[in-house]
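This one's a predicted model, so the numbers in the text were calculated from it and none came from an experiment. Every heavy atom of this structure was used, including side-chain atoms; hydrogens, water molecules and symmetry mates were not.
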Amino acid sequence: MGIGIAATGRWNGTLDGLMAVQSYVSRVVTPVDRAARMGQFTFAANLSMLFTPPLLGWVAATYTAASAFYGLAAWCLALLAVALRLPRHTSPQGTLKMAWTDPRQTVQTATQMVCRREVVPILIATFLRLGTIAVAQSFYPVYLHGLGYSPTQIGWMFTLMFLASTVVAPSYGLLARRVPEGSLLWVSAGLSVIGICMTPLVDSAAALILLALLHGAGIGLSLPVLLSEMATRTVAEERGLAVAVRSVVNRFGYLTVPTVLGLAVAGFGLGPSVLGAGAVMGAIIGFGVKLDRGH
């Protein structure tokens, strides 16, 4: 319960709360329960994405705009209260020793981690996940607006994405018992890429809804898979740093993909550019699959 509340706290109040909670979950969850717990963690975070915006909008409309910020502050305090009650994780030998002790060693350890063959596929899949989210949030509304969809209708398409993501996330534990996690990693990446980058090929409402659901399903499945795989491929002492490295890759993808795609759109148009981005991401998935099988 504490982990679930802390997960929702990231979306409601803090910039790096999710990274802190991911690090904690990766350390305390046992390998036996990891798949199910990661799915529940993602479900809790996605729920807040569904309910927080309309809730804060209602507060701002009913009272004042400042009241919404007071609500965020109150939620941050609730997050702090939960965090203080979480048990301190210890190893069988005592307090868990971190994989770094000073900034120089942190950079060295992170650099070595990025170069590990078993970790690189996780970072590639992380980049793809945030890359597709960046495309969805920046260029997807522009395309729908060009088709004549109203802002309310565009908002409902994003709601469908979030709903699919929320519904799929808890199923990860069940899927992980039947499908190898390595396969789920690339299936989820493929779904998110297809769901957003194939959009310029369709214009009917039914096809757009189907692609939105595919993208949402891929995003909802990819986060628990990534967290579980990262925990599996690193030792406990490194998992806090591993989550931080993954977060850096997140930001890199969120920064570079819209920038590069924006330059492409200026030169070639929206449709061809998004399709080209999908082709590039598909090639990256192919490289990731080959690398993952090799390790």
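The shortest side-chain heavy-atom distance between Arg293 and Val289 falls under the 4.5 Å cut-off. Met157 has its side chain within reach of Ile209: a pair of non-hydrogen atoms, C-beta onward, lies under 4.5 Å apart. Inter-residue side-chain proximity for Glu229 and Val119 is flagged as unmet; no heavy-atom pair is nearer than 4.5 Å. For the pair Pro121 and Arg233, the minimum side-chain heavy-atom distance is below 4.5 Å. Annotation: side chain of Met230 is not in contact with side chain of Val245 (no heavy-atom distance under 4.5 Å).
Thr152 meets the side chain to side chain donor-acceptor pair (under 3.5 Å) test with no other residue; sequence neighbours excluded. Partners of Ser192 according to the side chain to side chain donor-acceptor pair (under 3.5 Å) rule, which considers only residues two or more places apart in sequence or in another chain, do not exist here.
In this structure, the separation between CE on Met113 and CG on Leu241 is 4.5 Å, given to the nearest 0.5 Å. Met198 CE to Leu208 CG: the interatomic distance, rounded to the nearest 0.5 Å, is 12.5 Å. The structure places OG1 of Thr159 at 12.0 Å from CD1 of Ile154, a figure rounded to the nearest 0.5 Å. The distance from atom CG of Leu191 to atom CD1 of Ile196, rounded to the nearest 0.5 Å, is 13.0 Å. For the atom pair Arg246 CZ and Ile122 CD1, the distance stands at 9.0 Å (nearest 0.5 Å). We find the CD1-CG distance between Ile285 and Asp292 to be 12.5 Å, quoted to the nearest 0.5 Å.
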All N/O donor-acceptor pairs, side-chain side in residues 253-261, below 3.5 Å, sequence neighbours left out:
unit_1 : atom_1 : unit_2 : atom_2 : d
Tyr254 : OH     : Gln137 : OE1    : 2.1
Thr256 : OG1    : Phe252 : O      : 2.8
Thr259 : OG1    : Leu255 : O      : 2.8

Residues 142-151 side chain polar contacts: donor-acceptor under 3.5 Å, at least two apart:
unit_1 : atom_1 : unit_2 : atom_2 : d
Tyr143 : OH     : Val202 : O      : 2.6
Ser150 : OG     : Gln153 : N      : 3.2
Ser150 : OG     : Gln153 : OE1    : 3.4

Extract all donor-acceptor atom pairs below 3.5 Å that involve side chains of residues 217-226 and protein atoms in other chains or at least two apart in sequence.
unit_1 : atom_1 : unit_2 : atom_2 : d
Ser222 : OG     : Arg129 : NE     : 2.7
Ser222 : OG     : Gly218 : O      : 3.1
Ser222 : OG     : Ile219 : O      : 3.0

Using residues 266-276 as the side-chain source, report each donor-acceptor pair under 3.5 Å to any protein atom, sequence neighbours left out, with the distance given to one decimal.
unit_1 : atom_1 : unit_2 : atom_2 : d
Ser273 : OG     : Ala264 : O      : 3.0
Ser273 : OG     : Val265 : N      : 3.2
Ser273 : OG     : Gly269 : O      : 2.6

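The heavy-atom pair separating Ala125 from Trp186 by the smallest distance is CB-CZ3, 4.1 Å. Minimum heavy-atom separation, His215 to Ala136: NE2-CB, 3.9 Å.
Ser165 contributes no side-chain N or O that, together with a main-chain N or O of Met161, makes up a donor-acceptor pair within less than 3.5 Å.
Note on Ile194: it clusters hydrophobically with Leu201, by side-chain heavy-atom contacts below 4.5 Å among ILVMFWY residues. The hydrophobic clustering, which links ILVMFWY residues whose side-chain heavy atoms are closer than 4.5 Å, places Trp156 and Leu160 apart.
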